[in-house]
J.: 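Quick one: the structure is below, and I'll ask about it shortly.
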Amino acid sequence: MLIERLTEALGADAVKTSPEDLACYSFDAYSQGVLPSAVVLPTSAAQVSAVVKIARDLGEPLIARGSGTGLCGGATPLRAGIVLSFARMNQLLELDIENRRARVAPGLVNLQLSERIASTGYFYAPDPASQRASTIGGNIGTNAGGPHCLAYGTTVNHVLALEMIDDRGECFTTAVDDLGYDLTALLVGSEGTLGIVTSAWVRLLRLPPATGVWLAAFPSIESASEAVSAIVGAGIVPTALEMMDATIVRAVESAYAAGYPEDAAAVLLVESSGEPEEVASADAAIARIARAHGATKWQAATSAEQRDALWRGRKGAAGAVGRIAPNYYTQDVCVPRTRLPEMLAAVDDAARRHEIVVGNVFHAGDGNLHPLLLYDKRDARQVAAVIETGNIVLARAVELGGTISGEHGVGIEKRNGMSLVYRTEDLAAMACVRDVFDPQALLNPEKIFPSGISCREMRT
Ligand SMILES: Cc1cc2nc3c(=O)[nH]c(=O)nc-3n(C[C@H](O)[C@H](O)[C@H](O)COP(=O)(O)OP(=O)(O)OC[C@H]3O[C@@H](n4cnc5c(N)ncnc54)[C@H](O)[C@@H]3O)c2cc1C
């Protein structure tokens, strides 16, 4: 019945049901779930609406999916259901340079937007390290960040308006300049649980006239962390301020020969943009602070190729660690910048105690850490050790005044961790919001909330 109705609405070519196809959509970059009942590849909002109506009639869960690069299991089916893949809704729909905005379909790959409009002198700022693969719809689903969000803000700061399909299959729109509640901000980061994005107007920024990228090498992770606090404390806001520890630097260098010093205990990658004089003054000011905190090297990228190579190394770090271990588990916690040294020490201590190799590559300027816990999933001891280490990292981040996710979202990975940050009453209040949008819990069910949390607790 389900397959017949989907095929009737979308055509046979848009409905995938073979075991091989279903297997490809049963996992994302975090976890493996169960096989969905069907995968559909709509080409329009009208087709998405038709799919939602069919799912609602038959009580099938709906899981929206971009590229499946999510690191918290957000796009993973948990009890069959229909996976809505946006691979065929990947167009740049309208370009309105006069008003510095573009309308995009959800399946447009993040980097392709900036590449396609480069000749206009504009770009799209949110740049998750996955931007070569992840989609703008998925970025909206998770409120993705990225290295340049230190200066430009995360996805929510760049979405101007949304076209969505609700749980009844009806289309609605929101815009940041609507009066009343800011629904756009609520929907960004809702992980496909409040509605399905079918198009979005996003903000475009002017490409800066000058950009400088520098690399600083440090003798210890502590001295690099202290330099980060000092740079931001001095009122300087680089466009990006990224840190890599020795494990990552060596892996990246061996994979990409990006030009990183392999003998450094920590490397900072710093970028500043603006007028040429502003970039020159940032260079001088940041170099002074880095040296005052023990930097053994301060090196500027002198060509666009060098700049790209340094960034390729940073953005390819997760792939490079495949040279060290067959699997990695990325944690994503945020702490106040001044607590970075304590947080890094806690990560190191937990990894040592559990005999796990860890590599740190992260958005240091935001205090957003990404310890990559390296392991071999064929070894049950290592799997258990990685899970335990991850739990310790989450708990310590909260103790240090931070939070359990900086940008990757909650999905299934951090459902239980939500209780470390919120009281039951707070979670129940959030569940009430969900109930307003999707009372039957058809949209990406069982994500975000720990089991047992429901709106009912709020009403009693
Ligand atoms: C190597 C690597 C590096 C990464 N670096 C970063 C980083 O720097 N910053 C960062 O924030 N993340 C990063 N990520 C995580 C991931 O890339 C982001 O979460 C990204 O936003 C997911 O996009 P996607 O298209 O793959 O979405 P998916 O993984 O397919 O889906 C993500 C979530 O969005 C929902 N969703 C997808 N499409 C829609 C839609 N049309 N409507 C409603 N909901 C939808 C899904 O249901 C799911 O909950 C990284 C991941 C990897 C593997």
Side-chain angles (χ1 to χ4, degrees), residues 25 27-31 33 62-78 83-87 90 104-111 113 124-150 152-159 162 164 174 183-200 202-203 315 318 329-334 362-363 366 368-370 394 403-415 417-418 421 430 433-434 437-438 443-449:
Y25 293 88
F27 60 92
D28 66 5
Y30 169 68
S31 70
L62 278 158
I63 303 103
R65 181 184 175 98
S67 293
T69 66
L71 289 165
C72 65
T76 302
L78 291 178
V83 170
L84 270 160
S85 162
F86 287 95
N90 60 355
V104 301
L108 180 63
V109 168
N110 174 305
L111 185 61
L113 175 55
Y124 177 62
D127 66 333
S130 59
Q131 71 181 146
R132 281 177 192 284
S134 67
T135 63
I136 294 187
N139 296 167
I140 292 172
T142 59
N143 185 20
H148 290 86
C149 293
L150 174 62
Y152 299 124
T154 59
T155 300
V156 71
N157 303 113
H158 299 270
V159 175
L162 289 170
M164 310 271 303
T174 72
L183 291 182
T184 310
L186 171 65
L187 293 165
V188 175
S190 61
E191 303 189 20
T193 62
L194 302 183
I196 294 167
V197 179
T198 46
S199 75
V202 296
R203 187 192 307 283
K315 292 196 175 179
Y329 172 43
T330 312
Q331 259 303 351
D332 167 39
V333 293
C334 242
F362 58 100
H363 313 308
D366 296 315
N368 184 191
L369 279 90
H370 292 321
L394 294 189
T403 190
I404 59 167
S405 173
E407 57 184 14
H408 295 165
V410 180
I412 48 181
E413 179 203 8
K414 290 190 171 152
R415 288 179 299 190
M418 290 286 271
V421 188
M430 285 191 234
V433 174
R434 192 203 155 113
F437 281 84
D438 180 25
L443 303 175
N444 217 1
E446 293 166 49
K447 306 289 168 67
I448 302 180
F449 299 103

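Along the sequence shown, the residues carry numbers beginning at 1. Values below: every heavy atom of this structure, side chains too, minus hydrogens, waters and symmetry copies.
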J.: Out of curiosity, Ile196 CD1 to Arg65 CZ, how far, rounded to the nearest 0.5 Å?
T.: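 Nearest 0.5 Å value for the CD1-CZ distance: 14.5 Å.
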J.: Please report the C-alpha distance between Ser67 and Thr135 in whole Å, then the side-chain angles of each, then the deciding distance to 0.1 Å, and finally whether the side chain to side chain donor-acceptor pair (under 3.5 Å) criterion is met.
T.: CA-CA 6 Å; Ser67 293; Thr135 63; 4.9 Å; no
J.: Hey, what do you get for CD (Glu413) to CD (Gln331), rounding to the nearest 0.5 Å?
T.: 5.5 Å
J.: Could you work out, with ring pair (Phe, Tyr, Trp, His ring centres under 6.0 Å) as the rule, every residue matching Phe449, not counting sequence neighbours?
T.: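 Scan of Phe449 (ring pair (Phe, Tyr, Trp, His ring centres under 6.0 Å), adjacent residues dropped) gives none.
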J.: As an exercise, state the distance from CG of Asp332 to CD of Glu407, rounded to the nearest 0.5 Å.
T.: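 Answer rounded to 0.5 Å: 5.5 Å.
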J.: Only counting residues at least two apart or in another chain, list the ones meeting side chain to side chain contact (heavy atoms under 4.5 Å, CB included) with Glu191.
T.: Cys72, Val410, Ile448
J.: Work out which heavy atom in Pro128 is nearest to a heavy atom in Ala144; give both atom names and the distance.
T.: CG-CB, 4.2 Å
J.: Grab the two heavy atoms, one from Gly74 and one from Ile63, that are nearest each other, plus how far apart they are.
T.: O-CG2, 4.2 Å
J.: What heavy-atom pair brings Asn444 and Thr193 nearest, and what distance separates the two atoms?
T.: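 Nearest pair, atom of Asn444 first, then Thr193: O-CG2, 3.8 Å.
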J.: Who are the side-chain hydrogen bond (donor to acceptor under 3.5 Å, both in side chains) partners of Tyr152, not counting sequence neighbours?
T.: none
J.: Mind checking salt bridge (Lys or Arg N to Asp or Glu O under 4.0 Å) for Asp366 and listing every partner two or more places apart, or none if nothing turns up?
T.: none
J.: With sequence neighbours excluded, what pairs up with Ala133 under the side chain to side chain contact (heavy atoms under 4.5 Å, CB included) test?
T.: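 Applying side chain to side chain contact (heavy atoms under 4.5 Å, CB included) to Ala133 gives Thr69.
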J.: What's the shortest heavy-atom distance between Pro106 and Val197, and which atoms?
T.: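 Of all heavy-atom pairs spanning Pro106 and Val197, the closest is CG-O, 3.3 Å.
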J.: Would you compute the distance between atom CG of Asn90 and atom CG of Leu113 and round it to the nearest 0.5 angstrom?
T.: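 It comes to 12.0 Å.
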J.: Applying side-chain hydrogen bond (donor to acceptor under 3.5 Å, both in side chains), name anything that partners Thr155, two or more places apart in sequence or on another chain.
T.: none
J.: Where is the tightest heavy-atom contact between Asn368 and Phe362, given as atom of each residue plus distance?
T.: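 Where Asn368 meets Phe362 most closely, the heavy atoms are O-CB, 3.0 Å.
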J.: Among residues at least two apart in sequence or on other chains, which ones pass side chain to side chain contact (heavy atoms under 4.5 Å, CB included) with Thr330?
T.: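 With neighbours one apart ignored, the set is Leu71, Tyr328, His370, Leu372, His408.
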J.: Please identify each residue that fulfils side-chain hydrogen bond (donor to acceptor under 3.5 Å, both in side chains) with Thr76, with sequence neighbours left out.
T.: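 Checked Thr76 against side-chain hydrogen bond (donor to acceptor under 3.5 Å, both in side chains); matches are Asp28, Ser31.
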J.: Leu194: what forms a side chain to side chain contact (heavy atoms under 4.5 Å, CB included) with it, not counting sequence neighbours?
T.: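 Only Leu186, Leu187, Ser190, Arg434, Phe437 meet the side chain to side chain contact (heavy atoms under 4.5 Å, CB included) criterion with Leu194.
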J.: Apply side-chain hydrogen bond (donor to acceptor under 3.5 Å, both in side chains) to Thr154 and list each qualifying residue two or more places apart in sequence or on a separate chain.
T.: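 With neighbours one apart ignored, the set is Asn143.
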J.: For the atom pair CG (Leu108) and CD1 (Ile136), what is the distance rounded to the nearest 0.5 Å?
T.: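 The distance works out to 5.0 Å.
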J.: Please check: side-chain N/O of Arg203 versus main-chain N/O of Asn157, any donor-acceptor pairing under 3.5 Å?
T.: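 Judged by distance alone, yes, a pair lies under 3.5 Å.
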J.: About how many Å separate CG of Asn139 and NE2 of His158, when rounded to the nearest 0.5 Å?
T.: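 If I round to the nearest 0.5 Å, the distance is 11.5 Å.
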J.: Looking only at non-hydrogen atoms, find the nearest pair between Pro126 and Cys149 and report the distance.
T.: CA-SG, 4.4 Å
J.: Provide the full list of ring-ring contact (aromatic ring centres under 6.0 Å, His included) pairs with a residue in residues 124-148, sequence neighbours left out, each pair given once.
T.: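 Only His148-Trp311 qualify under ring-ring contact (aromatic ring centres under 6.0 Å, His included).
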